[in-house]
Amino acid sequence: MELPSKYAPQQAESKWYQYWMENGYFRSTPDHRTPYTIVIPPPNVTGVLHMGHMLNNTIQDVLIRKARLQGFNACWVPGTDHASIATEAKVVAQLKEQGIEKSDLSREEFLSHAWAWKEKYGGVILEQLKKLGCSCDWDRTAFTMDPLLSDSVIKVFVDLYNKGLIYRGYRMVHWDPEALTTLSDEEVIYEERSGLLYFVSYPLADGSDRITVATTRPETILGDTALCVHPEDPRYAHLIGQEVLVPITNRKVPVIADEYVDPEFGTGCLKITPAHDPNDYLIGQKHGLELIDIFHPNATLNSYGGPFEGMDRFEARKAVAKWLEEHGFLVKKENHQNKVGTSERTKAVIEPRLSDQWFLRMDTLVKPALEAVMDTQEIKLFPKKFENTYKHWLEGIRDWNISRQLWWGQQIPAYYYGDAKTDYVVAESLETALALAREKSGNAQLDASDLRRDEDALDTWFSSWLWPISVFNGILDPENPEIKYYYPTNDLVTGPDILFFWVARMIFAGYEYMGEKPFTNVYLTGLVRDAQRRKMSKSLGNSPDALKLIEDYGADGVRVGLLLSASAGNDLLFDEALCAQGQHFANKIWNGFRLVQSWEVAEIPQPETAQLGIEWYRGAFNQTLAVIEDHFEKYRISDALMALYKLVWDDYSAWLLEIIKPAYGAPIDKTTYESVIGLLEQNLVLLHPFMPFLTEEIWQYIQPRSKDQALIVGQWPKPYATDMELTNTFGLAAEVIAGVRNIRQEHGIPQKELLSLCVLADDQFPKSWVPVITKLAHVEEVTWVEAAPEGSASFRVMSSECFVPLLGQIDPVEELKKLNDELAYTQGFLVSVEKKLSNERFVQNAPESVLALERKKQSDALEKIEMLSQRIAQLS
RNA sequence: GGGUGUUUAGCUCAGUUGGUUUAGAGCGCUACCUUGACAGGGUAGAGGUCAUGGGUUCGAAUCCCUUAACACCCACCA
């Protein structure tokens with residue numbers, strides 16, 4: 001059959017993906033085999049595939065496919081996350097475009113819009129993963145708001161509440177004025193921003209003096225309820241206990257003293273706005289200060305804003321500053337760098353805000369999670385450096401704010417029946433809630449209509465932290481066969497940016513609900529950056545279109561490109577050139593196959609060269625197989641691929657195929673043909689996890705295969721029984737061949753012209769390789785000589801000297817120069833070796849093996865120098 | 001402010017407990033090759049005082065300290 005000389009991935013990819021799907025190779029059900037399980041880090045349901053997804057899903061697919069080939073029952077559970085805040089923001093924006101405000105909708109109406117959106121766009125990213133070749137068990141596709149998963153979340157909430165780990169508290173929390181919800185500590189990103197430090201003077205109530213305070217937020221003056229100085233600050237000692245007038249409002253507030261104040265900073269006097277700053281809040285509590293909340297939820301000023309009411313906080317900042325300046329309260333302004341908390345999702349500047357929220361106590365959950373990683377190593381993080389980060393975070397962790405003022409998500413199962421703050425119950429169902437409420441209130445007349453369910457939804461991560469358990473229904477039905485079989489999962493592959501958000505919390509949940517770790521190995525990939533080291537982001541527009549890449553280079557090419565650049569634990573600088581390299585590699589493999597299948601097979605004896613080549617390659621294959629296993633164990637996927645790349649490109653294509661290649665038009669013997677097909681098939685198995693499409697394509701071209709002979713369910717190779725001696729001496733033969741090629745190159749001798757090769761050999765000369773040397777170096781014959789023939793170019797391999805007689809074509813001056821250069825190098829080398837050997841302390845201290853080695857180097861060098869000198873003498 | 005990590009060829013990175021290394025790979029680069037699988041190819045080659053300064057050692061890219069640059073994480077300093 002006539003195959004094209006360029007591998008065209010497009011048709012092959014859709015063909016084989018469909019074939020795999022139709023035959024159910026991705027499906028997994030519990031059986032007698034050992035399971036190998038990965039749960040996907042569920043991408044946002046509204047998301048589209050970006051480079052980060054491409055990378056970590058490629059890695060997961062490599063691991064899953066390899067496990068499948070190794071005979072494990074491989075199960076990769078796909079799914080999506082409802083991403084409460086991100087999705088809600090998108091839906092709100094979309095509704096706005098249609099002229100609908102969220103505030104005009106009921107919860108039910110809004111949710112029906114949100115579900116419609118999810119149905120429409122929710123599957124996109126999963127379809128894209130299929131294009132990449134991901135072999136997920138699609139029948140298991142889960143969504144964090146599926147009934148089963150949602151019920152799990154509610155059950156866990158109630159359970160944790162009953163255990164006393166979840167509580168409702170009035171706290172200062174991070175408020176996102178754009179999304180109109182609170183956020184957890186982890187969702188706040190601090191950014192360095194340059195702003196102004198305003199120095200504002202407050203008159204004493206009795207008019208006797210003025211005090212200047214420094215603030216970055218003059219608008220919060222409207223909520224000031226005290227000034228505060230350090231108790232031992234002599235500058236202000238006389239003012240403690242006096243009252244000052246707050247500018248604009250003319251409210252009288254006290255001057256108090258607290259050690260929190262740093263006398264060195266600003267003026268050493270701090271204004272206290274307990275409602276709008278976490279520290280001020282603490283000081284306010286300590287000193288019993290009044291709380292004045294000056295903002296609406298969207299961070300515009302409320303009625304406390306006086307003349308500024310209705311203004312946005314940043315607008316108000318300028319307006320207040322202007323007012324202060326005009327009325328003589330503003331002493332000066334200074335440039336000031338400070339860290340501003342922003343919302344991870346909306347980028348809005350966070351406003352500290354007091355409110356009633358639900359919290360999860362972390363102290364007891366943290367303990368087993370810390371031990372599992374730091375002490376018992378039940379869970380291993382790759383790369384290891386993240387263990388420290390993990391430890392630090394766990395040790396400094398604060399309670400987790402899990403309530404969100406959103407609708408898209410699991411609604412908190414708390415029901416209020418009265419006006420007091422404690423008039424609520426927590427229950428999985430309305431009926432239970434009613435019963436509990438009647439009991440708690442002592443009012444048997446309570447009726448379902450008297451219960452008001454908490455309006456808030458739960459943090460997205462409060463559902464995804466159960467993911468490895470809930471996808472197997474392990475929360476609602478902990479004894480079911482699936483969870484017992486698949487849990488704990490094996491590997492988790494994700495980005496380090498969600499180590500705290502997700503990974504750590506899954507570990508908490510695993511120990512709390514399964515009494516066991518959720519996974520054994522966590523492989524944290526690097527961030528994908530562009531060639532200039534910038535993060536890939538939509539706003540920079542430097543993120544390539546994932547699907548376009550697949551179209552251009554083929555999924556296999558993209559996978560290889562991505563993996564080649566992703567050395568373990570480092571950020572990866574993505575460059576399309578690497579996808580091209582992957583594509584070239586695919587083509588190389590394709591053409592290697594094209595060559596073999598073009599041969600006519602005949603019942604003729606096997607040439608010695610072919611026998612040697614096959615035997616040697618088996619050894620090389622064994623070595624690479626071992627290297628690959630080792631790399632995989634350490635999650636060095638990139639290195640594993642590179643080892644394979646070299647095996648296939650150099651050893652298989654460049655050497656083996658050249659060695660066995662019959663003369664043009666001549667047939668190949670059957671033995672060699674069958675061996676090389678066998679070797680090719682083994683290569684394909686190793687390559688399959690990385691390049692699933694191409695390998696299946698060739699695999700099926702080689703011969704028709706039945707359903708259970710497909711490559712995807714093939715068998716991982718075992719090492720060949722082979723003569724490693726041949727493998728080990730091949731390197732020398734290759735050097736001889738390279739030596740001859742080099743001489744050809746230097747003297748411009750075409751391939752067609754056969755040369756002869758004379759060798760002044762010692763024992764180490766690879767004599768068994770002579771037939772191969774003859775063939776690949778285009779040498780007529782190899783003869784053994786005792787002295788250098790007249791007019792030869794020469795090179796050395798170990799301590800054998802090789803000559804290519806080139807009467808009349810040799811420039812003795814050139815040849816001499818070459819020899820002299822080599823002599824100089826060898827002498828330099830000898831000096832360094834002898835320096836060591838003449839050092840008594842080296843001889844005394846170094847281990848025998850090292851000494852022997854140095855002595856060998858010395859004698860080799862001496863011998864070489866002698867031979868070189870002879871040649872030089874001869875020529876000059 | 002605290003912590004972690006990085007710094008090896010033009011680029012991206014290996015270099016495993018210090019000794020088979022006057023340091024390796026891939027890509028790129030240079031020269032030559034219309035070589036019957038592949039120019040998305042082949043052959044050959046150039047290219048590094050292992051960030052800096054010091055120390056330990058018979059021996060350091062590798063261990064210790066200094067300095068510098070970069071990256072990331074954590075932290076309520078107005």
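All heavy atoms count here, side chains included; hydrogens, waters and symmetry mates do not. Bear in mind the structure is a predicted one, so any value in this text is a computation, not a measurement.
- Taking atom C1' on both nucleotides, rU56(B) is separated from rG45(B) by 40 Å, rounded to a whole Å.
- Among the atoms of the strands shown, only primed sugar atoms or phosphate atoms (P, OP1, OP2) are found under 4.0 Å from some heavy atom of Asn742(A).
- Searching all strands for a Watson-Crick or G-U wobble partner of rA14(B) with both distances below 3.5 Å returns nothing.
- OP1 or OP2 of rG36(B) has not a single side-chain nitrogen or oxygen of Lys752(A) nearer than 4.0 Å.
- Taking atom CG of Asn845(A) as the reference point, atom P of rU56(B) lies 16 Å away to the nearest angstrom.
- A residue-by-residue look at Lys661(A) and His392(A) shows that His392(A) has its nearest nucleotide of RNA chain B further toward the 5' end.
- Taking only side-chain atoms of Lys588(A), from C-beta outward, the nucleotide of rA78(B), rG41(B), rC27(B) with the closest atom is rG41(B).
- Taking atom P on both rU62(B) and rA23(B), the two are 15 Å apart, rounded to the nearest angstrom.
- For the side-chain hydrogen bond (donor to acceptor under 3.5 Å, both in side chains) test with Tyr553(A), the passing option among Glu576(A), Gln581(A), Gln583(A) is Glu576(A); the others fail.
- Between Arg529(A) and rC72(B), a side-chain N or O to OP1/OP2 separation shorter than 4.0 Å is present.
- Contacts of Pro847(A) with the nucleic acid, taken as non-hydrogen atoms under 4.0 Å apart, include base atoms.
- Tyr645(A) comes within 4.0 angstrom of the backbone, heavy atoms only, and of no base.
- Checking the phosphate oxygens (OP1, OP2) of rC73(B), no side-chain nitrogen or oxygen of Tyr390(A) falls inside 4.0 Å.
- Partner assigned to rC29(B) is rG45(B), using Watson-Crick or G-U wobble distances below 3.5 angstrom.
- Atom pair Leu641(A):CG and rA25(B):C1' shows a separation of 13 Å (rounding to whole Å applied).
- If you check every strand for non-hydrogen atoms under 4.0 Å, Gly592(A) touches a base.
- Rounded to a whole Å, the CD atom of Glu735(A) is 16 Å from the P atom of rU43(B).
- No engagement by Asp280(A) is indicated, since no non-hydrogen atom pair under 4.0 Å with the nucleic acid exists.
- With a 3.5 Å ceiling on both atom-pair distances, rC77(B) lacks any Watson-Crick or G-U wobble partner.
- Taking the C1' atom of each, rG42(B) and rA37(B) are spaced 12 Å apart, rounded to whole Å.
- Among the protein residues, Glu395(A) comes within range of no part of the nucleic acid, since none of its heavy atoms lies under 4.0 Å from any strand.
- For rG42(B), one of the phosphate oxygens OP1 or OP2 lies less than 4.0 angstrom from a side-chain nitrogen or oxygen of Trp649(A).
- Of the P atoms belonging to rC63(B) and rU16(B), the separation is 9 Å, rounded to the nearest Å.
- Of the charged side-chain nitrogens involved, none lies within less than 4.0 Å of a carboxylate oxygen, so that Glu735(A) and Arg796(A) do not count as a salt-bridged pair.
- rC50(B) and rC11(B) have their P atoms separated by 16 Å, with the value rounded to a whole Å.
- Across rA61(B) and rU52(B), the matching C1' atoms stand 14 Å from one another, rounded to whole Å.
- Here rC72(B) presents its C1' atom at 17 Å from CH2 of Trp393(A), a figure rounded to the nearest Å.
- Rounded to whole Å, the distance from CD1 on Ile659(A) to C1' on rA37(B) is 16 Å.
- rC32(B) and rG15(B) are spaced 33 Å apart, taking the C1' atom of each and rounding to whole Å.
- Proximity of Lys856(A) to the phosphate of rG19(B): no side-chain N or O atom is located under 4.0 Å from OP1 or OP2.
- For the pair Asp258(A) CG and rC77(B) C1', the interatomic distance rounds to 13 Å; values are reported in whole Å.
- We find that Glu629(A) and Lys634(A) are not joined by a salt bridge, their nearest charged nitrogen and carboxylate oxygen being 4.0 Å or further apart.
- Distance noted for atom C1' between rG26(B) and rU8(B): 15 Å (whole Å).
- Between Trp590(A) atom CH2 and Leu694(A) atom CG the span is 8.0 Å, to the nearest 0.5 Å.
- Within 4.0 Å of Ala577(A), counting heavy atoms only, lies no atom of the nucleic acid at all.
- Classification of Asp651(A) and Lys646(A) as a salt-bridged pair fails, no side-chain N sitting under 4.0 Å from a carboxylate O.
- Within the shown strands, rU67(B) is the pairing partner of rA51(B) under the Watson-Crick or G-U definition, both distances less than 3.5 Å.
- Between Trp393(A) and Phe500(A), the ring planes are parallel. Angles under 30° get that label, and only those over 60° would be called perpendicular.
- Residue contacts shown for Tyr260(A) include a base, since a base heavy atom lies under 4.0 Å away.
- Counting non-hydrogen atoms under 4.0 angstrom, Val261(A) reaches a base of the nucleic acid.
- Geometric assessment of Lys332(A) against the ring of Phe199(A) yields a positive cation-pi assignment under the 6.0 Å and 45° thresholds.
- Between Asn591(A) and rG41(B), a side-chain N or O to OP1/OP2 separation shorter than 4.0 Å is absent.
- Considering only side-chain N and O atoms, Arg741(A) lies nowhere under 4.0 angstrom from the phosphate OP1 or OP2 of rG45(B).
- Among the protein residues, Leu573(A) comes within range of the sugar-phosphate backbone only, with heavy atoms under 4.0 Å from sugar or phosphate atoms but none that close to a base.
- Whole-Å rounding puts the Ile743(A) CD1 to rC33(B) P distance at 19 Å.
- For the pair His584(A) and rG41(B), the criterion of a side-chain N or O lying under 4.0 Å from OP1 or OP2 is met.
- Remark on RNA chain B: of its neighbouring residues Lys857(A) and Met642(A), the 5'-side contact belongs to Lys857(A), judged by nearest-heavy-atom nucleotide.
- The pairing partner recorded for rA9(B) is none, the criterion being a Watson-Crick or G-U wobble arrangement whose two distances lie under 3.5 angstrom.
- Put simply, CD on Glu576(A) is 15 Å from C1' on rG40(B), counting in whole angstrom units.
- Searching all strands for a Watson-Crick or G-U wobble partner of rG19(B) with both distances below 3.5 Å returns rC58(B).
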